[in-house]
Protein chains: 2
Amino acid sequence: MATRTDAPTRREQILKEAARLFAERGFHGVGVDEIGAAVGISGPGLYRHFAGKDAMLAELLVGISGQLLTGARRRVAEAGDAAPDALLDSLIEGHIDFALDDRPLITLHDRELDRLPGGDRKLVRQLQRQYVELWVEVVRRLYPALAEPAARATVHAVFGLLNSTPHLGRPGRTATAELLHRMARGAFAAAVG
Amino acid sequence: MATRTDAPTRREQILKEAARLFAERGFHGVGVDEIGAAVGISGPGLYRHFAGKDAMLAELLVGISGQLLTGARRRVAEAGDAAPDALLDSLIEGHIDFALDDRPLITLHDRELDRLPGGDRKLVRQLQRQYVELWVEVVRRLYPALAEPAARATVHAVFGLLNSTPHLGRPGRTATAELLHRMARGAFAAAVG
DNA sequence: CTCCCTTGTTAATGAGCGTTAACACGTATG
DNA sequence: CATACGTGTTAACGCTCATTAACAAGGGAG
């Protein structure tokens with residue numbers, strides 16, 4: 001887990017608050033002055049840490065996509081040749097952890113992609129695609145009856161399910177996590193028909 | 001069904017194009033000139049049909065929420081005292097039809113609510129809440145073991161699943177509809193545990 | 001024919017906002 | 001001690017954009 005005990009750096013503060021604000025009111029809906037105010041400095045002061053507003057969004061989205069993909073790959077590696085059943089559980093668990101711990105980021109992740117400058121957008125899309133394909137492979141290993149287009153659609157639909165966390169109440173983190181996990185498995189099982 | 005054969009009115013054209021553009025680039029991301037250009041008139045020309053940009057978004061969101069709620073109520077009424085099982089299928093079918101036929105609208109529906117002026121936002125929230133509660137009642141009738149908070153969370157998660165249509169490919173409408181339907185039922189069944 | 005309502009147009013206005021410029025202050029470094 | 005750098009500040013610039021003003025053309029109603 002590599003838990004951090006040291007204080008967050010200024011850059012990290014800014015990214016965190018920017019993520020929250022972007023998720024709440026949309027990228028174009030928040031001004032640099034607000035982001036600055038959220039961390040106790042003035043608007044233009046942000047430019048000591050980031051090249052511009054676009055750069056903040058880019059770093060957030062690249063970070064999210066990369067973190068999801070990296071975590072998933074680690075889980076695949078750790079699973080070795082274990083049952084694909086357990087591997088799918090592991091992937092689901094990782095995604096849920098992320099969706100529950102960083103709700104603003106999960107919101108941004110599928111909402112503000114198009115506000116990104118060309119190069120970064122392409123990179124993020126690539127990372128997202130690889131993440132999806134990784135899931136698709138695991139799902140197809142577990143459910144060989146599922147054709148590839150159907151498997152991809154199924155994975156996207158389950159992402160929609162898991163990413164609904166921003167709309168959920170807060171009645172106990174573990175209870176919510178378990179509910180979502182069960183529902184995801186149920187949805188996969190029902191997809192094969 | 002009351003299928004319309006007459007040409008769409010100018011207002012309707014504008015609403016349709018505005019919905020598409022808002023869904024693609026966000027409310028603040030599109031200018032009135034673009035909306036006007038999409039229907040062949042100039043930006044300020046829109047003001048002959050709407051009080052402003054906010055009014056367009058408001059009419060879209062109120063329309064969506066109202067349409068969903070009205071359709072769901074009709075289905076409940078038509079079901080009479082039939083099995084709640086069939087009623088849930090009917091609700092799912094209605095939601096999927098909407099999500100597949102009006103993808104831009106379904107995107108706006110849970111994305112741009114906060115860009116709405118106060119009064120309209122309250123109205124839309126109210127309609128959405130009633131829609132959710134209607135589902136919750138049906139679900140609890142079918143699965144009495146499910147406590148109310150869990151049922152509400154489950155319904156939200158299934159909405160996330162069904163609303164994933166914008167991310168899906170277009171491999172056959174009926175096949176996609178059936179897949180989503182099966183997954184939704186599977187998710188509900190798995191939620192009770 | 002004449003009015004006037006509808007539906008457009010282009011030009012102007014005014015606010016908001018991202019970004020840059022110019023300047024200030026503390027602190028480690030030589 | 002002097003210097004340079006990191007990190008702020010406020011003021012100003014320039015652009016975008018929603019909205020309004022002023023004006024025009026077409027087509028029913030009387």
Side-chain angles (χ1 to χ4, degrees), chain A residues 6-62 104 108 111-121, chain B residues 6-62 104 108 111-121:
Chain A
D6 48 340
T9 175
R10 183 45 45 112
R11 273 182 69 89
E12 291 169 332
Q13 287 181 46
I14 295 172
L15 284 176
K16 182 179 169 187
E17 296 302 311
R20 183 178 55 81
L21 290 167
F22 289 162
E24 281 175 6
R25 302 210 288 284
F27 178 67
H28 293 292
V30 326
V32 291
D33 289 349
E34 296 179 78
I35 302 173
V39 299
I41 69 177
S42 202
L46 296 171
Y47 286 73
R48 299 296 172 192
H49 306 275
F50 294 93
K53 208 178 139 192
D54 290 351
M56 297 181 211
L57 182 64
E59 187 154 331
L60 282 172
L61 291 186
V62 172
L108 287 186
R111 189 168 295 196
E112 307 282 356
L113 203 159
D114 300 314
R115 284 73 174 166
L116 225 54
D120 292 311
R121 186 169 60 234
Chain B
D6 47 340
T9 174
R10 185 44 41 115
R11 274 181 69 90
E12 290 170 331
Q13 286 181 46
I14 295 172
L15 284 176
K16 181 179 172 187
E17 295 303 309
R20 183 179 55 81
L21 290 167
F22 289 161
E24 280 174 8
R25 302 211 287 285
F27 177 69
H28 288 113
V30 327
V32 291
D33 289 349
E34 297 179 76
I35 304 173
V39 298
I41 69 177
S42 203
L46 297 172
Y47 286 73
R48 299 294 171 192
H49 305 273
F50 294 93
K53 209 177 137 191
D54 290 351
M56 298 181 210
L57 182 63
E59 186 154 333
L60 282 171
L61 291 187
V62 172
L108 288 186
R111 187 167 298 196
E112 308 282 356
L113 202 161
D114 300 314
R115 284 72 174 168
L116 226 54
D120 293 312
R121 185 168 62 233

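Lettering follows sequence order; numbering is per chain, from 1. Quick caveat, the model's predicted, so the values are computed rather than measured.
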Kindly compute the distance separating CG (A/L60) from CG (A/D120), expressed to the nearest 0.5 Å.
-> 11.5 Å
Contact string for nucleotides 11-19 of chain C, one letter per nucleotide 5' to 3', B = base within protein heavy-atom range under 4.0 Å, S = sugar-phosphate only, - = neither, reads B------SB
At their closest point, which heavy atom of A/A19 faces which heavy atom of A/P104, and how far apart are they?
-> O-CB, 3.8 Å
For A/R20, all residues meeting salt bridge (charged side-chain N to carboxylate O under 4.0 Å, His left out), sequence neighbours excluded = A/E17, A/E24
Which residue pairs pass the side-chain hydrogen bond (donor to acceptor under 3.5 Å, both in side chains) test with at least one member in residues 41-61 of chain A, sequence neighbours excluded?
-> A/R11-A/E59
Got a sec, which residues hit side chain to side chain donor-acceptor pair (under 3.5 Å) with A/R115, two or more places apart in sequence or on another chain?
-> A/E112
N/O contacts under 3.5 Å, protein versus nucleotides 4-7 of chain C?
none

Shortest non-hydrogen pair, B/A23 vs B/L108, comes out as N-CD2, 3.8 Å
Between B/L46 and B/V32 the two heavy atoms that sit nearest each other are CD1-O, 3.4 Å
Least distance between heavy atoms, A/L61 atom then A/L113 atom = CD1-CA, 3.9 Å
When every non-hydrogen atom of B/I14 is compared with those of B/M56, the smallest separation belongs to CG2-SD, 4.2 Å
If every non-hydrogen atom of A/I35 is compared with every non-hydrogen atom of A/A18, which pair is closest and at what distance?
-> CG2-CB, 4.1 Å
Contact boundaries on DNA chain D for chain B, cut-off under 4.0 Å to non-hydrogen atoms | D/dA18 to D/dC23
